[in-house]
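Because the structure is a prediction, the values reported are computed rather than measured. All chains are named by letter (A, B, ...) in the order of the sequence lines, taking the proteins before the strands, and each is independently numbered beginning at 1.
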Protein chains: 2
Amino acid sequence: MKQAHHPEVGEIALTGVMAALSDPIRVGLVRVLADGRERGWGEFRAPVAKSTLSHHLRVLRDAGLTRTRQEGTRCFVALRRQDMEARFPGLLHVVLAAAEEEDLGRQVSMKDDPHPA
Amino acid sequence: MKQAHHPEVGEIALTGVMAALSDPIRVGLVRVLADGRERGWGEFRAPVAKSTLSHHLRVLRDAGLTRTRQEGTRCFVALRRQDMEARFPGLLHVVLAAAEEEDLGRQVSMKDDPHPA
DNA sequence: TAGCTTGTTCGATGTTTCACGAACGTCGAA
DNA sequence: TTCGACGTTCGTGAAACATCGAACAAGCTA
């Protein structure tokens, strides 16, 4: 588990962000992170193998959408809302609203938080 | 040249739109169409073969971002601004602003319109 | 009719992506 | 030090994608 790379704000590329958000699972991950809370890796519930989940979280991280922090042997993931807002103002908001409208990424939830309402 | 398919407003999918906008050429195409003017296919200038350009315009069309109209043997392409606005309010605007910020898709221009400013 | 123009489609190629299970490295607990 | 938990990485396929040139179809034009 080496220290993961995170792009700086200025390095965040629009194409990377768009590509990252072109997958339903990843949109779901962003949605559950949308409230700004940092989440433990193991809390995520998605219908894929853990290696695949790791892959998706890596794509989000590489694109600059999320930040991963390590603490001992476990990881915490958070949305880089402010960085995204600084780089591409309004983007995250409209994408989240659009995803909500479509209920895209509903397959993703958090443990002990069945995403009910 | 058969009649191309266009998704209805309600059928436009967020993932499709995001995927379509994850390529610099396609973002460039959207940018030159952003003023709302309908453009002739042959006016586009992009550093790819015409078969590749055709492919990119098809992806944009299939995603619901553009509309293609045929007139005799030639085609005219226009951005579906209103439809996009109805489906995903604000999305096109923020994406265009972000693309502007990054000068993404500058490789695409129009004949007799060298994208000067 | 013959030929030109226009854009699409086809086939091939190389790259990237998504998916999985298995193996691995690291850390904390026993 | 041994064990278990936690994520990452690897190896592998299947599918999708970007790209090109060549072939094609449809419509003008001569």
Expected output is a numbered-order residue list: members of residues 39-54 of chain A with a heavy atom under 4.0 Å from any atom of DNA chain D. What is it?
W41(A), G42(A), K50(A), S51(A), S54(A)
How many angstroms lie between atom CH2 of W41(B) and atom OG1 of T68(B), to the nearest 0.5 angstrom?
10.5 Å
OP1, OP2 of dA26(D) versus side-chain N and O of R74(B): anything below 4.0 Å?
no
Of all heavy-atom pairs linking R81(B) and A34(B), the shortest is NH1-O, 2.7 Å
Using modelled atom types only, decide if a donor and an acceptor are shared between the side chain of R45(B) and the backbone of G42(B) within a distance under 3.5 Å.
yes
Specify the separation, in whole Å, of atom CG of L21(A) and atom P of dC18(C).
12 Å
Whole angstroms only, please: what is the CG-P distance between D23(B) and dA16(D)?
18 Å
Measure across V9(A) and A86(A) and return the closest heavy-atom pair with its distance rounded to 0.1 Å.
CG1-CB, 4.4 Å
Approximate separation, where rounding is to 0.5 Å, of L79(A) CG and R37(A) CZ
13.5 Å
Flag the pair R31(A) and E100(A) as a salt bridge only when some basic side-chain nitrogen lies within less than 4.0 angstrom of an acidic carboxylate oxygen.
yes
T73(A), nearest nucleotide to its side chain (from dC27(C), dG7(D), dT8(C))
dC27(C)
Please state how far atom CD in Q107(B) lies from atom C1' in dA18(D), giving the value in whole angstrom units.
13 Å
In whole angstrom, give the distance that lies between atom NE2 of H5(B) and atom P of dT8(C).
16 Å
Taking atom P of dC18(C) as reference, at what distance in whole Å does atom CG of L29(A) sit?
12 Å
Treating R80(B) as the side-chain partner and R61(B) as the backbone partner, does any N or O pair qualify as donor plus acceptor under 3.5 Å?
no
Please determine whether a side-chain nitrogen of the Lys or Arg among R87(B) and E8(B) lies less than 4.0 Å from a carboxylate oxygen of the Asp or Glu.
no
Could you check which residues of residues 55-66 of chain B get a heavy atom under 4.0 Å from DNA chain D? Sort them by number, please.
H55(B), H56(B)
